[in-house]
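Take a look at the structure below.
Lettering of chains follows the sequences in order, A, B, ..., and the numbering in each one begins at 1.
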Amino acid sequence: MRLRALAAVAAVCLLAGGLSTAQAASLAVAPSTLTTVNGQACTTSSLALTRTDAVWWGLGGFRGVRLTVPPACAGRALHVTAHQTGGSAVATGAVATLPTGSVDVAMSATYGGIFTSHALSVTIDGWYVATTG
Amino acid sequence: MTRPVRTPRRTSVRRRLAALALGALALAGLGTAAAAQLSVETRGVAAGTSVVGSCQTGTPVRVSLVSTFTGGRYVVTGVRLRGVAGPCVGRSIALQPTGPGGAVGAEVRGTVTGADQTHTLPAALVAAQVTGVAVVIHD
């Protein structure tokens, strides 16, 4: 009888020990969120650009710009600045919502011409986009 | 040449000595076994699992730059996020402009304030050098 009682007590002790170990092995972890976004320009290719609305066949400068917009850039905002190389802006143009394909942009002033050389810089949604032409 | 005669008394003494030697050896073995044990401090180990989700589902966040023309070139002064989902509002956010060679400029930390928000960069960056912005929204 004494042996059976001792065996029962030992079994209960083992069970209790196992339970405490199992409880210690679990941990309540609160759910969390992690969201990552990788923002990029709508295009990494150079945009084809041509000077338009020439004054005196271009001798007196230009008053517009024509760009070919890739489909990924449709619906975004475009800004064009004609400027002296490394210098101040001469004329600006903007399109609030770009269509796909060819788009004509009217500039705020005449730029370029036979006596002055002006560079053109373009951004789409604020991202700098290289141009050709 | 006469062989020594073993008396019962002498045999009994030898047996006792042998028993003592065995006992001593057993004790030494126990000591060695005890020395081979390592005292380990009691520490708790716990583990749990949880699903890490995203607060932005459906429409992706639109990332644009705040650029101005200064000194003959476009410079970036801020990052604008549009289309941020409601569950992301109030959470922490970190933004890092990147270029072809990795990080460009300093990281910006803040809090998501709404669906449309602008985070100002600590210093203006040359727009031509910024090709991406890495954004992390977390608890």
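Distance check: A:I124 CD1 to B:S64 OG gives 12.5 Å after rounding to the nearest 0.5 Å. Atom NE2 of B:H138 and atom OG of A:S32 lie 11.0 Å apart (nearest 0.5 Å).
Donor-acceptor pairing under 3.5 Å is recorded for the side chains of A:T81 and B:Y74. Looking at A:T33 and B:R91, their side chains do bring a donor and an acceptor atom within 3.5 Å of each other. No side-chain donor-acceptor contact under 3.5 Å links B:S67 and A:T123.
There is a path of hydrophobic side-chain contacts, each under 4.5 Å, that joins A:V80 to A:V69. Residues A:L47 and A:M107 share a hydrophobic cluster, clusters being chains of Ile/Leu/Val/Met/Phe/Trp/Tyr side chains in contact below 4.5 Å. In this structure, A:Y111 is a member of the same hydrophobic cluster as A:V95, with clusters built from ILVMFWY side-chain heavy atoms closer than 4.5 Å. Follow the hydrophobic side-chain contacts under 4.5 Å out from B:V66 and you never reach B:V76; the two are in separate clusters. By the rule that hydrophobic residues join a cluster once side-chain heavy atoms approach within less than 4.5 Å of another member, A:F62 and A:L67 end up as members of one cluster.
At a threshold of 4.5 Å between non-hydrogen side-chain atoms, the residues B:R62 and A:R76 count as touching. Side chains of A:D125 and B:L65 form no contact here, defined as non-hydrogen atoms less than 4.5 Å apart.
Of the residues considered (B:G72, B:P87, B:A134), B:G72 shows the highest number of contacts with chain A, using heavy-atom pairs under 4.5 Å.
Taking a 6.0 Å sphere around NE2 of A:H79, one finds it holds 12 or fewer heavy atoms contributed by other residues, nucleotides or ligands.
In this structure, chain B has no heavy atom under 4.5 Å from any part of A:V90.
Here the closest heavy-atom approach between residue B:T131 and residue A:W127 is recorded as C-CZ3, 3.6 Å.
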Problem - Verdict with supporting geometry, B:V135 and A:T36, side-chain contact (heavy atoms from CB on, under 4.5 Å) - result: CA-CA 6 Å; B:V135 182; A:T36 58; over 6 Å; no
